[in-house]
Amino acid sequence: METHAEAVDAGVARRFPTGSQYSTALQNTQLCFRHTDLKNAMPALNAIGMPKPVSGSSATVFSLTTSDGQRIALKCFTRHVSDQGRRYQEISEHLAKIETESLSQPWKIGFEYVSDGILVEGVRYPILKMDWVEGLLLSQWLSIHHQDQTAVMEMAHKFEALVHDLHRNNIAHGDLQHGNLLVAQDRTLRLVDYDGLFVPALSGERGSEIGHRNYQSPRRTLDDFGPDMDNFSAWVIHTSLIAVAADPALWSQLHDADGEYLLLSGDDFSDPSSSTYFPDLLRHPNSVVNASMSQLSVLCEKRLAEIPRLHWSQSSPDIDTELNVPSEDASGDVADTQPGKPSWLDSHLTTNTLEENLSTIAFQGWHLREFLLALLGVLTVTAPVIMGMTGYLHFEAIMLGVLTMSSAFFVSSAAARFKRGEIKTLRNNQRSLNQLLALNAETVADYEKVHEERTRLIADEQDVIEKNTNQNQELTNRLHQSYARIESDRKAASDALNQELCNLRDEKDAAAAERLRPLQQPWVKDRLPSFLLSEAHLSGITSKHVSSLAALNLRTAADIVGIKRVKGGDDALLMTGDGRCVKVPGIGPVKAESLYAWHQECEETARESCPVSLPADDEEEIDGVFEPLFASLLARQTVVNQEAEHRRNEARKELTVIRTRLADTHQEKLAALRARIEDLDLLISEMRRSAGDVYRLNHSQNLLMMSAKKISYLRYLRFLYLRR
């Protein structure tokens, strides 16, 4: 059996099978595979019970489950790629040298190239046996998570790290796009489809593909095959991610669910000036969006060799800061109030307002109260000295007086300071800050809990979708099984009726032949003399036997009309057309039977050529007998087909009812989950704002503490005597 690999090595161009031809071959994996792991593997099926293909530009991928429960991806090629086997060998050897632990994330996927892997219509073709990757396409993941700015920004960092891994290991993918980037459950990336991969061993060769046009430079050609061929597509993907992280609304505004791109397509890159979306993005109020898009528009004009490698952190603004702390210009776009927050406190949330309100000045305004306190302080110090010098009081009395006056001064000065306007302002500011901190801190404390709930709900949403898919697949399988049973019953009944119909036709033909035989006899009698025994060449009848027969005037089929066995002996007599019974030397019972069989064959041959047909009356009589019987059988056949169609319709109706009920339940579950996810998205957004508020409030608390030092008790004493 010829393999495709042998044909290619011989220089013969071969056409590869289509996806449907591969699908047909995969119905019998025991036959189409040699690979031990693939024999008896079960392919995932589509709605009509055929192996389900996922078609690409140059290959079709199928999902198979091996006998030991391992799920694999099988890539079947639909077009010829020059030197494909050698390229995959070089790629495999280079990737094998890279330790997974040295990578930023486990993006590398295991694969095995098998040159004669699958048999399709008698010819063997190469396949690629790949590890199955559980995950969402990058575009699918963004459709679900684009409102989570932190998660999207984290994904941008993960992608940047993956690109850095490729550069570090002298690899370029050749077709970086959303369909080849899968997001695993732990939010790390997996890179698939290594057909166009560049490794150092392939230096100097041309590329086998240009890649998806919505991610490639308009100037890229097959000659651009090297370690930097991913530069433009890396910028496209990374720019899209950080733009969505900065402004999640861009996803719903620019992304088309049916489009093969993230935010911008190949048409936008070909001519940014006439693009529908580029001009608005370049004027976007968010500095991260307009800066990154400006950079991308410049790259569209450059040759691939002039496009730098992706190093966002070295060339662009700090997006993390811009994501979490709204600028003054953007403050008007933020909601005026937050849930659970008194509206009268909102005016205190901006940093400038807080600093202005909390910037306490030193004591000012020396009033009569301060004059009396200062006098009391002076008397507290001087009175004991004067009294001691005069000698009017004992030492113990003087000390008691000092203690009394000191206490009175301390209490009076503390009370006077407490009543000062500066102290009242400090207390009010502290009270406002405490209220704001309490409100926001509680929200921030719940952030992780809310985020975990949202993650769980996203997982629940995927489980609901997967469960619904499996249930629909099960319903489809049940329908096909019902169809198979109905068809089997119909075929059995139909086969029985067809047999009856055949038997009835035979009976009608026999009846017609019986009526026709007397009419054919003269023709047959006239024709039999033309069948000569000397020309018959019968087995066992030699020329000697023919001569013996001729001696008795037995020369034609008309001369032998029967045989007669002799009782008690081994001889046989031949009955002649003129009524004789003759014994022919050398003609025993076996040869006599052979001669009579020849006579019957000649008679049948003559009858077949007879131009005589039944009279119309006879034909009508026979038809009158058999036509009702034929009509009855055909009616029964119609009933069988109608019953089968009725059963199929009932099965379809039952499936439709069940599927409609399942769809309603599915939508109700999804609607509830998505409504809750939307609520959590809003709550998380508010929490992020609250986190920024807490940061500013803590900063304001520090300012307040610094301001409090200006009106401390010691500063008040200094104010009493130095007025500053």
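More than 12 heavy atoms of other residues, nucleotides or ligands lie within 6.0 Å of NZ in Lys39, so this atom counts as buried by the packing criterion. Within 6.0 Å of the CD atom in Gln27, the count of heavy atoms belonging to other residues, nucleotides or ligands exceeds 12. Lys491 NZ: 12 or fewer foreign heavy atoms inside a 6.0 Å radius. Within a 6.0 Å radius of CE in Met42, no more than 12 heavy atoms belonging to other residues, nucleotides or ligands are found.
For Arg490 and Glu487, the salt-bridge test passes: some basic side-chain N is under 4.0 Å from an acidic carboxylate O. Salt bridge present: Arg87 and Glu205 bring a charged side-chain N and a carboxylate O closer than 4.0 Å. No salt bridge links Arg647 with Glu650; every basic N to acidic carboxylate O contact stays at or beyond 4.0 Å.
Taking the six-membered ring for Trp and thresholds of 30 and 60 degrees, Phe626 and Phe630 have ring planes inclined between 30 and 60 degrees apart.
Remark: Leu497 CG to Cys502 SG distance equals 11.0 Å, nearest 0.5 Å.
Considering all non-hydrogen atoms of both residues, Thr18 and Ser20 come closest at OG1-OG, 3.0 Å. Minimum interatomic distance between Thr66 and Ala41 (heavy atoms only, all atoms of both residues): CA-CB, 4.1 Å. Of all non-hydrogen atoms in Val584 and Ser548, the two that sit nearest each other are CG1-CB, 3.9 Å. Contact record, Tyr113 with Gly85: CE2-CA, 3.4 Å, taken as the closest heavy-atom pair.
In this structure, Ser530 contributes its side chain and Arg527 its backbone to a donor-acceptor pair below 3.5 Å. The closest donor-acceptor contact from the side chain of Ser547 to the backbone of Ser543 lies under 3.5 Å. Between the side chain of Thr60 and the backbone N or O of Ser55 there is no donor-acceptor pair closer than 3.5 Å. Between the side chain of His94 and the main chain of Ile91, no donor-acceptor pair closer than 3.5 Å is present. Between the side chain of Asp193 and the main chain of Asp175, no donor-acceptor pair closer than 3.5 Å is present. In this structure a side-chain-to-backbone donor-acceptor pair under 3.5 Å is present from His599 to Ala557. Distance alone, capped at 3.5 Å, places no donor-acceptor pair between the Ser488 side chain and the Ala484 backbone. Using modelled atom types, one side-chain atom of His173 and one backbone atom of Val192 make a donor-acceptor pair closer than 3.5 Å.
Between the side chains of Gln637 and Ser494, at least one donor N or O sits under 3.5 Å from an acceptor N or O. Under 3.5 Å, the side chains of Asp559 and Thr556 contain a donor-acceptor pair of N or O atoms. For the residue pair Arg555/Asn553, the side-chain donor-acceptor check at 3.5 Å is satisfied. Side-chain atoms of Thr542 and His545 include a donor-acceptor pair closer than 3.5 Å. Side-chain contact annotation: Gln600 with Trp598, donor-acceptor N/O pair under 3.5 Å absent. Counted by atom type alone, Arg71 and Ser63 present one or more donor-acceptor pairs between their side chains at under 3.5 Å. Checked by atom type, the side-chain pair Gln30/Asn40 shows a donor-acceptor distance below 3.5 Å. Ser482 and Arg485 form a side-chain donor-acceptor contact under 3.5 Å, judged by distance and modelled atom types alone. For the residue pair Tyr261/Gln177, the side-chain donor-acceptor check at 3.5 Å is not satisfied.
Under the salt bridge (Lys or Arg N to Asp or Glu O under 4.0 Å) criterion, the residue pairs touching residues 624-646 are Glu500-Arg636, Lys508-Glu627, Glu645-Arg648, Glu645-Arg652, with sequence neighbours excluded.
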Practice item. For the pair Glu121 and Gln21, evaluate side-chain hydrogen bond (donor to acceptor under 3.5 Å, both in side chains) and give the outcome as yes or no after the intermediate values. Key: CA-CA 8 Å; Glu121 298 180 358; Gln21 288 174 312; 3.3 Å; yes
Exercise for review: Start with the C-alpha distance between Gln499 and Asn503, add both sets of side-chain angles, then the distance that settles side-chain hydrogen bond (donor to acceptor under 3.5 Å, both in side chains), and finish with yes or no.
Suggested key: CA-CA 6 Å; Gln499 186 59 50; Asn503 295 339; 3.1 Å; yes
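In this view, Asp463 satisfies the salt bridge (charged side-chain N to carboxylate O under 4.0 Å, His left out) rule with no residue, not counting sequence neighbours. When the salt bridge (charged side-chain N to carboxylate O under 4.0 Å, His left out) test is applied to Asp256, no partner is found at least two apart in sequence or on another chain.
With Trp107 as the aromatic partner, Arg190 does not meet the cation-pi criteria of under 6.0 angstrom to the ring centre and within 45 degrees of the ring axis. Taking the ring axis of Tyr125 as reference, the NZ or CZ atom of Arg79 does not stay both within 45° of it and closer than 6.0 Å to the ring centre.
Centroid-to-centroid, the aromatic rings of His178 and Tyr215 come within less than 6.0 Å. Note: Tyr194 and Phe111 meet the aromatic proximity criterion, with ring centroids under 6.0 Å apart.
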